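FYI, side chains are in, hydrogens and waters are out, and symmetry mates aren't considered; it's all heavy atoms of this structure. Computed from a prediction, not measured in an experiment: that's the story for all the values here.
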Amino acid sequence: MNRRVERGGLRPLLLGLLLVLVLPARAGVLDPEGALARWLGNEVAPALGEQLRRHPNFRGETFTFVSLREGVPAPETDALTNAVEAELRMRLLAAPGLRLAVDAPRDPCTAPVPVPWAIAIGITPGSGGSARVELAVLDVAEGLWVAGTSHVWQGRLTTAERRALARPAAVVATGTVDAPLAVSRGTEVADRLVAQLRCALPGGLDGPVHLDAEAAPGRVAAALRSALARAPVGALAARPEEAAWRLHLEAGPGGPGGVRELVLVLRERDRTETQRVASVFVTGFGGAPAEAIAEAPRAPAPTASPVPPAPLLAPLRLEPVPPRGVCEDAGAGGCAEIAVELLEPAWLVVFGTRNGTVRPLSCERELERSEAGERRFRTAVPFATADARPGAGLYVLATRDRTVARRLQALVRTAPGACGNAGGESAAWIDALDRELASQGEAVRWRALHLGHVGGRVARL
């Protein structure tokens, strides 16, 4: 989303404008008399507004909104999250002294103004029409949650709210790494590249240009030649030797999910220097020849958005620690209790870290299937080491597949320093874990929480 900054002097005008923009977004989604809307209006908005106005780090700052998926900011959202954002916007704008970033059209050649703070909204569906809603303030630059700003609601959604939660809504421009374009949509791919090219070369080129797009699928190459013929960049030369400039469309290596980056590179004749002038992320190479991809028939458009796999795990929560218990011997480092909510029966593989050392919850070879419900784990949190690593962390992996769980458990047991293993370099083990998780895809859902000392007490990082 393109964000611009609301200035204090424009507040009355923007408030009127936002009411027009906000009310349609929430109409028919949030029930004004429903439990979620009452919680947002009676508890969250007043408390959050006071925190944003009075916290010493927030004075004079601007805030935006982000959507959470699996506990981390994500480019995708849903209609219910958008409605919650709209409700909070409307109420927070009524608080004096707050500045919010708002959606507005901007010059495509102008970079968006960075916003340092974000109000993160995460909604996790539960059983029987229930859901868990979490809000907290995020330091965008540092990637850290601000202690004391979290708000949590758990309850039953209305029918309209449940439908909105299941309805995806994109919040990023297509052609990015988070929302790549299919190569079959060659015209859109070409339009993205040419728009960036015109931004990079506002005055055009002082001579004819030749396009070399052999590395691209045929449909993309043809659409790009057509778009360049219409764009005021430079006259197209049929042969390289006739051109003063060369444009090369290069394809980067394949990434997760088959995503690849197409990069447009500019080179002046008789010179070796190159300039990257545009890029777009695409899918659909698939290892097949470019022309075969270009001529492949399009799949029929789906009649409904696919339903993503259930998350299995709610976001991990840092809870107050009772005065007595496992961590009494933690010393000056302190102790933390972490709540883990399993949303449906599954196998769990849990391990912690302390000063960079892996500590499995269990070194047993066999695992038992866990029933849905909440579990709590307690861990000592030492002060940060000299290399500033977090003092402690907890990693929870969940899967519905017993065989996958056994593979993960076996891998965790091999970590350096774990389960009687000799110490050593952990980089290779981390790489092996990354590869295993990548190979399992959606079969494994996981959560992580890192802990350290902030302001003299244990806090999540």
Side-chain angles (χ1 to χ4, degrees), residues 1-4 75 104-115 170-287 289-291 293-294:
M1 289 187 286
N2 299 331
R3 303 281 191 183
R4 67 180 176 85
R106 65 173 177 86
D107 181 348
C109 297
T110 303
V113 177
V115 179
V171 297
V172 296
T174 55
T176 64
V177 68
D178 295 310
L181 283 166
V183 292
S184 59
R185 297 162 64 179
T187 300
E188 292 180 61
V189 173
D191 287 346
R192 296 289 189 279
L193 290 169
V194 171
Q196 295 177 48
L197 178 62
R198 293 177 65 177
C199 291
L201 304 169
L205 294 170
D206 56 349
V209 58
H210 174 76
L211 173 65
D212 178 2
E214 298 302 321
R219 183 170 295 173
V220 172
L224 184 57
R225 289 191 178 93
S226 176
L228 285 172
R230 301 189 307 269
V233 175
L236 284 179
R239 295 190 296 272
E241 58 271 18
E242 298 174 349
W245 300 88
R246 300 278 298 277
L247 275 173
H248 296 266
L249 187 60
E250 303 173 354
V259 176
R260 300 180 74 173
E261 185 181 19
L262 291 180
V263 181
L264 200 57
V265 175
L266 178 67
R267 176 185 290 114
E268 190 174 0
R269 185 175 59 190
D270 302 330
R271 293 196 179 183
T272 58
E273 296 87 356
T274 61
Q275 178 184 355
R276 177 186 169 117
V277 289
S279 76
V280 63
F281 287 87
V282 299
T283 59
F285 275 77
E291 293 300 327
I293 295 173

Report yes if the side chains of [X] and [Y] come closer than 4.5 Å at any heavy-atom pair, otherwise no.
X      : Y      : value
Pro240 : Arg246 : yes
Leu264 : Leu211 : yes
Val220 : Leu249 : yes
Asp212 : Leu247 : no

The reported gap from CD in Glu268 to CG in Leu205 (rounded to nearest 0.5 angstrom) is 9.0 Å

To the nearest 0.5 Å, how far apart are CZ in Arg198 and CG in Leu228? 10.5 Å

Mind checking side-chain hydrogen bond (donor to acceptor under 3.5 Å, both in side chains) for Glu261 and listing every partner two or more places apart, or none if nothing turns up? Arg276, Ser279

Which residues pass the side-chain hydrogen bond (donor to acceptor under 3.5 Å, both in side chains) test with Thr187, sequence neighbours left out? none

Apply side chain to side chain contact (heavy atoms under 4.5 Å, CB included) to Ala243 and list each qualifying residue two or more places apart in sequence or on a separate chain. His210, Ala237

My understanding is that only residues two or more places apart in sequence, or in another chain, count here; which of them pass side chain to side chain contact (heavy atoms under 4.5 Å, CB included) with Ala182? Ser184, Arg185, Thr283

Nearest heavy-atom neighbours spanning Ala278 and Leu197: CB-N, 4.2 Å

Distance-minimising heavy-atom pair for Leu193 and Leu262: CD2-O, 4.1 Å

